[in-house]
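Please read all numbers here as calculations on a predicted model, not as lab measurements.
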Amino acid sequence: MSRMIDEHRGAFGVEPICRELQIAPSTYYAVKARQAAPSERAVRDDELASRIREVHEKNLACMACARCGGS
């Protein structure tokens with residue numbers, strides 16, 4: 001949603017686009033604020049997701065091998 005508004009805000013403005021989409025302009029601005037300065041939780045979640053992917057790949061992308069018949 002915010003990407004589409006960003007693409008067209010120069011031609012139409014944020015408020016008219018939001019009116020057509022039937023969302024409050026404050027919703028758009030809140031999304032942009034979160035993107036500009038993510039919360040500590042969001043930053044930590046991204047770090048953990050990267051670490052989880054790394055560990056998963058190091059384990060040959062095998063999850064719960066004992067449960068799927070592996071040794």
Side-chain angles (χ1 to χ4, degrees):
M1 178 248 345
S2 67
R3 191 175 323 144
M4 191 277 300
I5 294 173
D6 289 341
E7 290 172 3
H8 300 286
R9 70 184 286 178
F12 303 105
V14 172
E15 286 78 11
I17 295 171
C18 289
R19 192 175 320 117
E20 288 299 315
L21 295 173
Q22 297 182 350
I23 62 169
S26 60
T27 302
Y28 167 76
Y29 293 117
V31 167
K32 297 310 287 182
R34 280 193 302 274
Q35 289 173 347
S39 67
E40 289 181 29
R41 169 74 186 263
V43 171
R44 182 70 179 138
D45 285 353
D46 287 343
E47 292 170 357
L48 287 173
S50 295
R51 180 70 179 126
I52 289 168
R53 277 191 291 279
E54 179 183 317
V55 169
H56 181 69
E57 289 169 6
K58 283 183 179 178
N59 285 308
L60 304 174
C62 183
M63 296 292 290
C65 289
R67 283 202 247 156
C68 39
S71 51

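- A salt bridge links Glu54 with Lys58; the closest basic N to acidic carboxylate O contact falls under 4.0 Å.
- With sequence neighbours excluded, the residues that form a side-chain contact (heavy atoms from CB on, under 4.5 Å) with Glu7 are Arg3.
- The hydrophobic cluster containing Val31 also contains Met4, counting ILVMFWY residues as joined when their side-chain heavy atoms lie under 4.5 angstrom apart, directly or transitively.
- Distance check, rounded to the nearest 0.5 Å: CG of Asp6 to CE of Met1 gives 9.5 Å.
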Arg44 vs Arg41, test: side-chain contact (heavy atoms from CB on, under 4.5 Å). Steps then yes/no. CA-CA 5 Å; Arg44 182 70 179 138; Arg41 169 74 186 263; 5.7 Å; no
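- In this structure, Arg53 CZ and Leu48 CG are separated by 10.5 Å, a value rounded to the nearest 0.5 Å.
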Could you tabulate the donor-acceptor pairs under 3.5 Å formed by side-chain atoms of residues 11-23, not counting sequence neighbours?
| from | atom 1 | to | atom 2 | distance (Å) |
| --- | --- | --- | --- | --- |
| Glu15 | OE2 | Tyr29 | OH | 3.4 |

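- Checked against side-chain contact (heavy atoms from CB on, under 4.5 Å), Glu40 has no partners two or more places apart in sequence or in another chain.
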